[in-house]
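Starting from 1, each residue takes its place in the sequence as its number. Every heavy atom of this structure was used, including side-chain atoms; hydrogens, water molecules and symmetry mates were not.
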Amino acid sequence: MKLLYSSHLKLKVCGLTQLSQVTQLINWEVDFFGFIFYEKSPRYVLSHLSLEELKGINHQGKVGVFVNESAETIAQMVAQADLNFVQLHGDEDALFVQNLKSLLPSDMKVIKAIRVGKDTDDSHLQALLAHHKTADFFLFDTDSSAFGGTGISFDWALLQHLEIHKDYFLSGGISIDHIGNIQHLKQQPFAIDINSKFETAPGVKDLDKIKTLLNIQP
Ligand SMILES: O=C(O)c1ccccc1N[C@@H]1O[C@H](COP(=O)(O)O)[C@@H](O)[C@H]1O
């Protein structure tokens, strides 16, 4: 999929709840599909789709998003929905990730969300990255009491001073309006993660808007 100025930048569409939309996005060669397994989210996927329906989605980029869920439940959901990636969006620590990985298939990738708050500084962020060095990917998002899906961006300037040493997803209120600023980042994201800014209602994606994004030229 060609996105923005770079043919390497991948796209994750998160918070999906409708099979027809997933099918359309697969046809448009979107790379990753995020399903929220957090009951308090308005995008809680199991209110709309069964594990069987999720399993039936034929794609290698299925991401389950979990918030402070037990490792055993995550492993169960991974097996039953045939997920390819686990995104940990809560307060999970490195020990939790290690234990979780021991329960998951060996090719399973873990994305650790690093939530950036108003008072987060460089040294705190750098320490968090060091702590989570066993995760396969980082995902930077805005901190909030809802954990995610707020549509609020954090100050990307904070990333400029970090040594990230890992592929990362850029997230948090990403919209068409400021997406062009990504090109100024020192370490380019592996993927951008879009969610609430591309919706008509929580969990219902605005496919016209996503199409516009996919057609953006440098
Ligand atoms: O979308 C949610 O409801 C959600 C709830 C709890 C944790 C994560 C959630 N979504 C993730 O939040 C980010 C940012 O979303 P937004 O662009 O700010 O709306 C995205 O990575 C989703 O994976």
Check your understanding: Sequence neighbours excluded, which residues qualify as ring pair (Phe, Tyr, Trp, His ring centres under 6.0 Å) partners of F35?
Key -> none
Check your understanding: From T23 OG1 over to L19 CG, what is the distance, rounded to the nearest 0.5 angstrom?
Key -> 6.0 Å
Check your understanding: Do you know which two heavy atoms are closest between G64 and L83, and how far apart they sit?
Key -> CA-CD1, 3.8 Å
Review point. Would you call I114 and D141 a side-chain contact if the rule is heavy atoms closer than 4.5 Å?
Key: no
Review point. How far does CG of L25 sit from CD of Q18, to the nearest 0.5 angstrom?
Key: 11.0 Å
Check your understanding: Looking only at side chains, do K166 and Q187 share a donor and an acceptor under 3.5 Å apart?
Key -> no
Check your understanding: Going by heavy atoms in the side chains, are L88 and L139 under 4.5 Å from each other?
Key -> no
Check your understanding: Are any non-hydrogen side-chain atoms of V22 and F33 less than 4.5 angstrom apart?
Key -> yes
Check your understanding: Is there a side-chain contact between V65 and F37 (heavy atoms, below 4.5 Å)?
Key -> no
**Study point:** H132 to F138 - nearest heavy-atom pair and separation
**Key:** O-CE2, 3.6 Å
**Study point:** T17: side-chain contact (heavy atoms from CB on, under 4.5 Å) partners, not counting sequence neighbours
**Key:** H48
Point to revise | 4.5 Å side-chain heavy-atom contact, Q21 and V204 | key: yes
Check your understanding: What salt bridge (charged side-chain N to carboxylate O under 4.0 Å, His left out) pairs are there with at least one residue in residues 40-64, not counting sequence neighbours?
Key -> R43-E199
Exercise for review: Heavy atoms only: give me the nearest D193-C14 pair and the separation to one decimal.
Suggested key: OD1-CB, 3.3 Å
Check your understanding: To the nearest 0.5 Å, what is the distance between CG (L170) and CD1 (I194)?
Key -> 12.0 Å
Review point. Can you name the nearest heavy-atom pair linking L54 to L49, along with the distance?
Key: CD2-CD1, 4.0 Å
**Study point:** Approximate separation, where rounding is to 0.5 Å, of Y168 OH and L129 CG
**Key:** 11.0 Å
Practice item. Using the side chain to side chain donor-acceptor pair (under 3.5 Å) rule, take K12 and Q87 through it: C-alpha gap first, then chi angles, then the decisive distance, then the call. Key: CA-CA 12 Å; K12 170 170 173 259; Q87 179 176 324; 2.5 Å; yes
Practice item. Please round to the nearest 0.5 Å and tell me the distance separating atom NE2 of H89 and atom CZ of F147. Key: 9.5 Å
**Study point:** Heavy-atom side-chain contact between I210 and D206 under 4.5 Å
**Key:** no
Review point. Would L95 and N99 satisfy side chain to side chain contact (heavy atoms under 4.5 Å, CB included), going step by step from the backbone distance to the final call?
Key: CA-CA 6 Å; L95 197 61; N99 177 37; over 6 Å; no
Distance-only donor-acceptor hits, side chain of residues 152-160, under 3.5 Å, sequence neighbours excluded:
from	atom 1	to	atom 2	distance (Å)
S153	OG	G172	O	3.1
S153	OG	G173	O	3.4
D155	OD1	A157	N	3.0
Q160	OE1	K186	N	2.7
Q160	NE2	H184	O	2.9

Compile the donor-acceptor pairs under 3.5 Å between side chains in residues 72-82 and protein atoms, sequence neighbours left out, one pair per line.
from	atom 1	to	atom 2	distance (Å)
T73	OG1	S70	OG	2.9

Point to revise | Flag if over 12 foreign heavy atoms under 6.0 Å of CG, N58 | key: no
Practice item. Would you please indicate yes or no on a ring centroid separation below 6.0 angstrom for F169 and F137? Key: yes
Review point. Taking the inter-plane angle between the rings of F32 and F190 on a 0 to 90° scale, is it parallel (under 30°), tilted (30 to 60°) or perpendicular (over 60°)?
Key: tilted
Point to revise | Test item: I111 and V86 side chains (from C-beta on) under 4.5 Å apart, heavy atoms | key: no
Check your understanding: Taking everything shown except N27 itself, do over 12 heavy atoms lie less than 6.0 Å from its CG?
Key -> yes
Check your understanding: Taking all non-hydrogen atoms of both residues, which atom of T120 and which atom of V116 are closest, and how far apart?
Key -> OG1-C, 3.7 Å
**Study point:** Heavy-atom side-chain proximity of L16 to I36 below 4.5 angstrom
**Key:** no
**Study point:** salt bridge (charged side-chain N to carboxylate O under 4.0 Å, His left out) contacts in which one or both residues fall within residues 85-114, not counting sequence neighbours
**Key:** D91-R115, E92-K112, K101-D136
Exercise for review: Any chance you could measure I174, atom CD1, to L213, atom CG, to the nearest 0.5 Å?
Suggested key: 9.5 Å
Review point. Under 6.0 Å from the six-membered ring centre of F198 and within 45° of its axis: does the NZ or CZ of K205 meet both?
Key: no
Practice item. List the atom of G61, the atom of N84, and the distance in Å for their closest heavy-atom pair. Key: N-OD1, 3.4 Å
